[in-house]
Amino acid sequence: MTLLSVKDLSVSIHEQPIIKNISFNLGAGEILALTGESGSGKSISALALMGLLPHGSKKEGIINFEGTDLNKISEPNFCKLRGKKISMVFQEPMTALNPVQSIGKQISETLVQHKACAPNELKNRVRKTMDRVGLRDIDPSRFPHQLSGGQRQRVVIAMAICLEPSILIADEPTTALDVTTQSKILKLIQEFAEKDGISIILITHDLAIVANISNYLLLMKEGILVDQGQPKRVFRDLSHPYTKKLFSASSEQFSFKENNLSKEKLLEVRSVSVNYGSHERGIFSKGKSVEAVSNVSLDIRKGERLGLVGESGCGKSTLTRTILGLQSASSGYIKFDGKEVSKYDNNFKKNIQVVFQDPYGSFNPRQKIGRLITEPFFTLGREAPSETEQRIIAKKMLKEVGLSSESIEKYIHEFSGGQRQRIAIARALVIQPKLIIFDEAVSALDVSIRSQILKLISDLTERYGLSYLFISHDLTVIENITENCLVMKNGKIVERGQTKHILRDPKNEYTLSLINAAPKFPNFLHA
Amino acid sequence: MINYFFRRLFTFVLSLALASIVIFSLVEIAPGDPASFMLGINAQADTIAALRAELGLDQPKLSRYLAWISGMLTGDFGISYTYRTNVTEMVGDRLWVSLPLAIYALFLSTVIAIPTGVYAAAKRGKTGDFTVISATQIGIAIPNFWFAIILVGIFAIKLQWFSAGGFSGWQNGMLNGITSLTLPALALALPQAAILSRIMRSALIETLGEDYIRTARAKGLSSWQTIWGHALRNALIPVLTIIGLQFSFLLAGAIIIEQVFYLPGLGRLVFQAITQRDLIVVESVVMLLVFAVILVNFIVDIAYMLVDPRLRQDSI
Amino acid sequence: MIKPNTSLQFGILFCLAPLAMATISFFWQPFDITELNISNRLKSVSLTHPFGTDHFGRDMLTMIMVGARTSIAVAFVAVGIGVLIGVPLGLFAATCRGSIIDDGVMRFNDLVFAFPSLVIAILITAIAGPSAFNAIIAIGIFNIPVFARISRGAALSLWQRDFILSAQVAGKTGFRISIEHILPNLMHILIVQATIQFSLGILAEAGLSYIGLGAQPPTPSWGRMLADAQTMVSLSPRLAIVPGIAIIFTVLGLNLLGDGLRDALDPRLRGSIKK
């Protein structure tokens with residue numbers, strides 16, 4: 001039975017077409033996956049269905065829901081549907097809740113708005129809904145900032161399902177969450193479809209999730225529906241070239257040459273602990289300190305490619321900052337090339353570089369690329385080559401990372417996210433360091449671009465004989481690009497060894513849960 | 001929460017202490033000896049010395065400062081050099097003009113600004129918004145004393161609805177007092193209302209862009225319900241700060257307006273006291289005004305805590 | 001809805017008018033305003049006197065032109081004081097964020113903010129005697145915490161950005177990073193704030209002159225013109241209206257300029273306009 005039928009839906013914002021003529025049907029109890037890379041228009045489609053498009057947008061076409069066209073319905077009547085018949089869960093649980101209202105009040109608001117129950121029953125209903133979404137131990141009088149990301153997402157889900165809507169639209173509901181939380185939330189959403197018969201429109205960029213839980217998928221690219229069908233069929237046939245490209249990028253395994261690791265240690269981190277003093281230190285409160293990194297030891301040998309896996313808050317960023325000398329360790333020491341690293345150690349600074357996660361925040365927007373890339377030469381002091389030579393090296397490096405040498409005269413906002421990460425890599429390579437730290441360097445990129453950047457990293461480091469520490473929350477990335485890896489949890493290293501061994505046969509329970517939670521393509525595809 | 005409160009309280013006391021030192025020093029370096037000023041040019045040196053001793057001006061600076069502070073703390077502001085009357089009483093009298101004027105103006109400004117700001121934000125990008133923005137743009141540019149002169153010209157001289165100046169006092173009835181404060185309050189309130197309205201508008205627009213607003217809309221709330229139920233409370237936080245600042249501005253910054261309307265308020269008292277070298281009055285009134293500013297800021301900080309649950313718990 | 005460019009264009013236009021008047025007045029003035037000509041008093045608007053004459057028979061247009069000099073000079077120097085002292089202070093505080101120095105700078109800011117500006121301006125002019133110079137100092141002092149606070153706040157958020165981290169990895173000092181990376185990125189905020197403070201400076205100067213604590217006679221000033229006009233309001237409202245309009249016009253122009261610049265200089269908006 002068709003519940004919702006969309007015909008020729010087009011959306012333009014400020015006269016710019018965002019979605020072009022998409023049509024699809026949604027059956028009762030079905031999980032429809034809407035997928036595509038960033039900018040494909042999948043989120044805007046969801047907002048169009050909810051009638052919540054931003055100011056200055058125009059939509060055309062027919063959205064038929066239970067016999068009414070949602071494109072023609074009046075705003076007051078649409079309000080009666082939202083939250084009751086069609087509801088939505090958003091990507092960012094950290095900001096999706098009103099910070100100044102208790103979660104109980106926010107959940108009950110849906111009930112009150114649609115006059116779903118008598119005031120004296122309200123408390124009961126809220127409790128029941130919270131139990132339903134797995135918030136059994138949470139008091140409704142708590143405020144959003146007192147909950148974890150996963151719990152907040154459950155609150156948002158509770159608000160969306162408390163009236164048992166016909167359709168639940170989930171817009172990247174797990175993208176902002178850790179992988180272990182992600183699998184729990186996805187399971188919960190799946191249950192709504194199976195047990196309660198709620199139809200789900202799941203928007204996600206992750207093809208493995210699509211393959212695992214959806215009944216039908218729609219693949220979008222630049223506002224156009226390029227491929228659709230049952231995931232089993234779509235991923236087996238790979239009839240559309242774009243589908244094929246995305247699929248191979250997300251399931252890619254590239255092998256790299258095994259290096260002959262020398263015994264020589266390049267970086268030696270020994271029993272390092274870092275205490276963060278409480279931020280709000282005052283006369284009336286003694287700063288309570290938090291141990292962000294606790295007794296961590298690691299070695300990077302010459303030519304070694306080491307991975308560091310951990311979820312958010314595990315202390316990996318603090319560890320990076322400590323290695324870079326931007327944060328002082330409270331105990332332990334760090335040696336580089338056999339010498340203990342001090343703040344003024346030039347040999348160390350000359351030989352270490354870093355590539356950050358955020359392609360937008362990593363560059364000064366007011367300087368040209370030429371100046372941005374040559375900044376590391378500053379560490380060389382008097383040994384630095386002349387400015388003309390620096391520019392020649394910069395141009396060469398830009399070519400190495402696959403950009404034209406004319407880019408040197410441009411500003412950073414003229415480049416896309418993937419290109420920016422290329423520039424970041426060029427910047428890290430100009431002074432030919434011995435060690436590079438990649439801090440979640442591909443996490444913000446779309447899957448097809450991610451695989452290109454990974455390939456680039458793997459090629460270049462091989463050519464320049466570099467060692468690196470690759471920090472990521474994503475096991476598949478680590479698998480592809482490192483030979484050894486460490487697993488970190490709550491500031492401690494819980495497992496270490498060869499990447500292959502760890503992924504195949506983890507000894508630690510936490511590592512196992514990480515591996516199990518990571519979305520993987522189901523077996524039917526490989527058959 | 002207790003921690004936050006005590007931290008604010010500490011800042012509050014520290015600011016007051018620093019402010020008192022600054023005021024005292026500023027007045028100390030002001031040229032002109034009050035005693036010789038009081039006695040006129042032809043006074044004998046020994047008469048001046050006698051008066052200085054009587055006023056306590058011959059004491060060392062530190063003990064004069066301490067005496068001043070302890071006097072302030074017990075509500076004794078000293079004796080005016082010029083008028084030879086109790087400063088506490090003088091200030092008390094003037095406060096009965098300045099305080100109602102400030103409250104009246106603040107009331108007008110808030111009543112005008114909040115609805116127009118909310119309206120403009122709700123209609124952002126449309127004609128209604130444009131009208132409000134243009135009006136506030138002009139409102140900010142108008143000097144309040146000029147507006148006061150124009151108001152006098154129209155309502156007092158031409159139409160004769162109000163008196164052109166002076167204050168009849170509260171003894172002739174509440175309504176009488178309010179009437180004579182209406183034009184000054186209006187003149188003070190207009191530019192303030194323009195500023196406040198713009199801040200209300202931009203705070204609300206910013207809040208309306210937050211994710212939780214979309215969440216509320218997804219629950220089925222209409223756009224006005226969302227503004228009322230979710231956006232306004234969050235947007236009021238910056239507005240509250242400005243209202244707090246405006247109150248202190250209105251209390252002290254009314255000097256010029258008091259001048260236009262010949263109102264016997266605090267501002268005029270300081271102005272006259274400075275020109276007459278009545279340092280004890282200057283010190284006391286300025287300290288009182290600074291106290292008001294710091295107190296209002298303190299109250300706003302505490303109000304934050306009540307509005308925002310994130311501040312209610314101590315950080316880990 | 002007003003387009004950002006429209007604000008900017010009107011702002012520039014409005015600001016150029018008083019600036020041009022002030023500049024021209026250095027070379028040429030329509031009438032000599034140092035001479036009083038009582039027989040010519042309170043002449044209404046005419047071709048020879050576009051704004052009429054005042055109660056001493058002086059040409060109002062010339063008065064406004066020369067008055068513009070005072071207003072602009074006072075406000076400009078006062079903003080300069082705020083920028084030159086406040087910005088380095090704010091940048092310095094942000095560089096040693098969390099330290100006692102940072103705390104000290106912020107306390108100082110709070111302290112200055114706690115003083116009713118007008119009262120202190122009166123106090124200062126009373127201590128040092130009323131003059132345009134002292135008005136500049138009095139207005140300028142209150143610009144310092146404004147610029148210190150705004151540059152500290154913006155710098156703090158910039159210090160969190162990754163590109164600052166990579167500059168640190170390159171071994172650059174806090175001072176160097178502040179000059180090379182922080183300052184250029186908060187320039188647009190400072191320019192906008194400077195136009196706002198400029199307009200507030202014009203208003204403050206007018207206020208101080210109005211109560212006789214700004215520019216002293218015979219230097220004409222818009223605020224003084226208003227003070228003189230007040231007693232004549234029933235006789236000739238024009239005397240109050242003309243300088244008032246001059247002030248409103250200039251302040252409005254500066255505010256429009258500020259709004260326009262905010263949109264034109266915002267790098268985020270600039271990116272989207274290009275698309």
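In what follows, every chain begins at residue 1, and chains take the letters A, B, ... in the order their sequences are listed. Hydrogens, waters and symmetry mates are skipped; everything else that's a heavy atom, side chains included, is used.
Proximity to chain A involves both the backbone and the side chain of C:E180, based on heavy atoms less than 4.5 angstrom apart.
Within a 6.0 Å sphere centred on CZ of C:F76, other residues, nucleotides and ligands contribute 12 heavy atoms or fewer. At most 12 heavy atoms of other shown residues, nucleotides or ligands fall within 6.0 angstrom of atom CZ in C:F92. Heavy-atom neighbours of C:F175 CZ from other residues, nucleotides or ligands within 6.0 Å: at or below the threshold of 12. For A:E409, the CD atom counts as densely surrounded, since its 6.0 Å shell holds more than 12 non-hydrogen atoms of other residues, nucleotides or ligands.
Within the model, atoms CZ of C:R161 and CZ of A:F363 stand 12.0 Å from one another, a figure rounded to the nearest 0.5 Å. Distance CG/A:N364 to CG/C:D162: 12.5 Å, rounded to 0.5 Å. Rounded to the nearest 0.5 angstrom, C:S166 OG and A:E375 CD are separated by 6.0 Å.
Side-chain contact check for C:F163 versus A:P365: some heavy-atom pair is nearer than 4.5 Å. No side-chain heavy atom of A:R366 sits under 4.5 Å from any side-chain heavy atom of C:M187. Using a 4.5 Å cut-off on side-chain heavy atoms (C-beta onward), C:V169 and A:K349 make no contact.
Closest non-hydrogen pair, A:P376 versus C:A170, comes out as CA-CB, 4.1 Å.
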side-chain contact (heavy atoms from CB on, under 4.5 Å) between C:L165 and A:V354: does it pass, once the steps are laid out?
-> CA-CA 9 Å; C:L165 273 184; A:V354 58; over 6 Å; no

